[in-house]
Protein chains: 2
Amino acid sequence: MNQSLHEPKYTIKDVAEITGLTKHTIRYYDDQQLIPFVSRDGRNNRLFSDHDLDWLRMVHSFRVSGLPISEVKHYIAMCLQGDETIPDRAELVAKQEKELEAKIHAYNLQLMHIKEKKAYYKSVLAGQLNDTWNPVNNNPECGEKYDIPEHIHSASKAHVSP
Amino acid sequence: MNQSLHEPKYTIKDVAEITGLTKHTIRYYDDQQLIPFVSRDGRNNRLFSDHDLDWLRMVHSFRVSGLPISEVKHYIAMCLQGDETIPDRAELVAKQEKELEAKIHAYNLQLMHIKEKKAYYKSVLAGQLNDTWNPVNNNPECGEKYDIPEHIHSASKAHVSP
DNA sequence: ATATTGACTTCGAGTAACTCGAATACTTAA
DNA sequence: TTAAGTATTCGAGTTACTCGAAGTCAATAT
């Protein structure tokens with residue numbers, strides 16, 4: 001536990017530069033209590049330590065992966081509380097893992113569709129096809145058709161005016 | 001070009017059921033002109049054709065992949081305009097491909113970190129470790145450290161009150 | 001005949017997570 | 001002494017939903 005990790009070193013500008021986040025966002029995270037130990041100097045300016053950077057990195061990576069701020073807050077509260085919260089933390093992390101996997105899956109699917117669109121446009125531009133596939137007419141460019149449940153059949157519920 | 005594709009068949013409830021979107025969201029997309037040909041029945045109720053479902057599927061998949069509504073709108077406008085917009089459409093699609101790939105990359109990275117956290121908690125729970133790795137003390141759970149640019153050095157800009 | 005149910009409509013407010021600009025304050029360099 | 005640069009807070013704006021209220025209409029149950 002190096003004391004220098006807790007020595008304030010960086011201004012908000014430094015942190016913005018280091019992390020790639022905007023100063024606005026960093027202040028917002030601080031206001032939301034997502035970086036619990038940020039100190040201030042004699043002029044009330046925020047001063048960040050390496051340790052604060054660690055926290056910020058953690059918060060940032062949780063946010064990038066889609067965890068809402070409220071849950072990041074909850075996670076942080078548990079960290080501050082102590083070892084007895086480890087089972088709960090482990091649970092939250094497992095849930096987040098599932099969500100990430102689902103997202104990666106969905107994105108890979110969408111990437112496939114995009115690649116098909118791209119290939120299609122390429123062949124149209126090469127003059128091998130004309131745009132009969134245009135979404136205005138009929139649109140097979142965007143991948144999977146929806147599954148239409150059996151109980152929904154043409155005009156089933158469409159009340160036509162008498 | 002089957003005429004039946006353009007026959008109104010589904011109520012908003014059907015569409016919600018088919019797509020998994022909420023009725024609210026579907027109405028919102030319609031209000032935003034993201035489904036250009038939706039018709040109404042004698043009671044002013046929305047009525048969707050298979051063709052409308054195709055559009056909605058396209059819109060939905062663009063949104064899932066993170067394209068802002070404004071750009072989906074732009075894409076739709078180009079589709080409606082005709083073949084001469086194909087180069088621009090291809091460009092938009094290529095840009096979107098890049099973004100998806102970047103996202104998938106970031107998510108995979110985050111997934112790695114999450115798996116590490118998970119493994120760490122598991123070993124703590126198994127009693128092999130105590131929580132000296134806790135983010136309160138020092139936090140190596142969250143992956144990559146930020147690169148700190150050379151020109152930022154300890155307390156470089158930290159004005160200490162005189 | 002009337003009441004309930006259920007589906008639709010529009011409208012307007014609420015939410016999350018930023019995002020931005022304005023007003024203000026302080027220091028330092030020209 | 002003025003301008004540049006950095007910081008602060010505060011409050012409003014944005015995006016993409018998300019939700020509920022209020023109203024309308026038609027079929028069904030009593």
Side-chain angles (χ1 to χ4, degrees), chain A residues 8-35 38-48 52 56 59-76 99 151-152 155-162, chain B residues 8-35 38-48 52 56 59-76 99 151-152 155-162:
Chain A
K9 293 183 187 173
Y10 312 108
T11 64
I12 197 165
K13 202 198 174 203
D14 294 338
V15 176
E17 208 170 319
I18 292 167
T19 62
L21 298 167
T22 68
K23 291 185 263 178
H24 276 298
T25 303
I26 295 161
R27 271 190 217 107
Y28 175 71
Y29 284 171
D30 187 26
D31 292 348
Q32 299 297 309
Q33 322 254 45
L34 265 34
I35 330 164
V38 182
S39 54
R40 301 286 182 129
D41 70 7
R43 278 195 285 302
N44 198 32
N45 293 351
R46 286 173 186 83
L47 229 39
F48 298 79
D52 295 327
L56 184 51
V59 167
H60 184 201
S61 66
F62 268 134
R63 287 296 306 121
V64 164
S65 79
L67 199 71
I69 283 184
S70 58
E71 298 209 37
V72 177
K73 239 175 201 163
H74 181 210
Y75 181 80
I76 288 176
E99 271 180 45
H151 69 279
I152 297 176
S156 64
K157 306 197 175 176
H159 313 275
V160 187
S161 47
Chain B
K9 292 182 187 173
Y10 312 109
T11 64
I12 197 165
K13 201 198 175 201
D14 294 338
V15 176
E17 209 170 318
I18 293 167
T19 62
L21 298 167
T22 70
K23 292 185 263 178
H24 276 297
T25 302
I26 295 160
R27 272 189 216 109
Y28 176 71
Y29 284 171
D30 186 27
D31 292 347
Q32 297 297 310
Q33 322 254 44
L34 265 34
I35 331 164
V38 181
S39 54
R40 301 284 181 130
D41 70 6
R43 278 194 286 305
N44 198 33
N45 294 350
R46 286 174 187 82
L47 231 37
F48 299 78
D52 295 326
L56 185 51
V59 168
H60 184 199
S61 67
F62 268 135
R63 287 296 305 122
V64 164
S65 80
L67 200 71
I69 282 184
S70 59
E71 298 209 37
V72 177
K73 238 175 200 161
H74 180 211
Y75 180 80
I76 287 176
E99 270 180 46
H151 69 280
I152 296 176
S156 64
K157 305 196 176 176
H159 312 274
V160 186
S161 48

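Treat the numbers as computed from the prediction; the structure is a model and nothing was measured. Just so it is clear: chains get the letters A, B, ... in the order the sequence lines come, proteins before strands, and each one is counted from 1.
Side chains of A/Ile12 and A/Asn45 form no contact here, defined as non-hydrogen atoms less than 4.5 Å apart. Proximity of B/Ile69 to B/Phe62: side-chain heavy atoms (C-beta onward) are nowhere separated by under 4.5 Å. Between A/Leu47 and A/Tyr10 the shortest side-chain heavy-atom distance does not fall below 4.5 Å.
Straight-line distance from the CG atom of B/Asp30 to the P atom of D/dT18: 17 Å, rounded to whole Å. Following rounding to the nearest Å, B/Gln32 (CD) and D/dA16 (P) show an atom-to-atom distance of 8 Å. Separating the CD1 atom of B/Ile26 from the P atom of D/dT18 is a distance of 12 Å, rounded to the nearest angstrom. Computed from coordinates, the B/Leu21 CG to D/dC19 C1' distance equals 16 Å when rounded to whole Å. As rounded to whole Å, 12 Å separates atom C1' of C/dC18 from atom NE2 of A/His60. We find that CD of B/Glu17 is positioned 10 Å from P of C/dA7, with the value rounded to whole Å. Atom CD in A/Gln33 sits about 15 Å away from atom P in C/dA17, given to the nearest Å. Atom CG in B/Asp41 sits roughly 12 Å away from atom C1' in D/dA26 (whole-Å rounding).
For A/Gln33, the CD atom counts as loosely surrounded, since its 6.0 Å shell holds 12 or fewer non-hydrogen atoms of other residues, nucleotides or ligands.
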Protein heavy-atom contacts under 4.0 Å, written 5' to 3' over nucleotides 8-13 of chain C as B (base), S (sugar-phosphate only) or - (none), form the string SBB---
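A distance-only check finds no donor-acceptor pair linking the side chain of A/Thr25 to the backbone of A/Leu21 [under 3.5 Å].
OP1 or OP2 of D/dC17 sits under 4.0 Å from a side-chain N or O of B/Tyr29.
Qualifying salt bridge (charged side-chain N to carboxylate O under 4.0 Å, His left out) partners for B/Arg46, counting only residues two or more places apart in sequence or in other chains: B/Asp30, B/Asp31.
With the nearest nucleotide of DNA chain D identified for both B/Ile69 and B/Thr22, B/Ile69 has the one nearer the 5' end.
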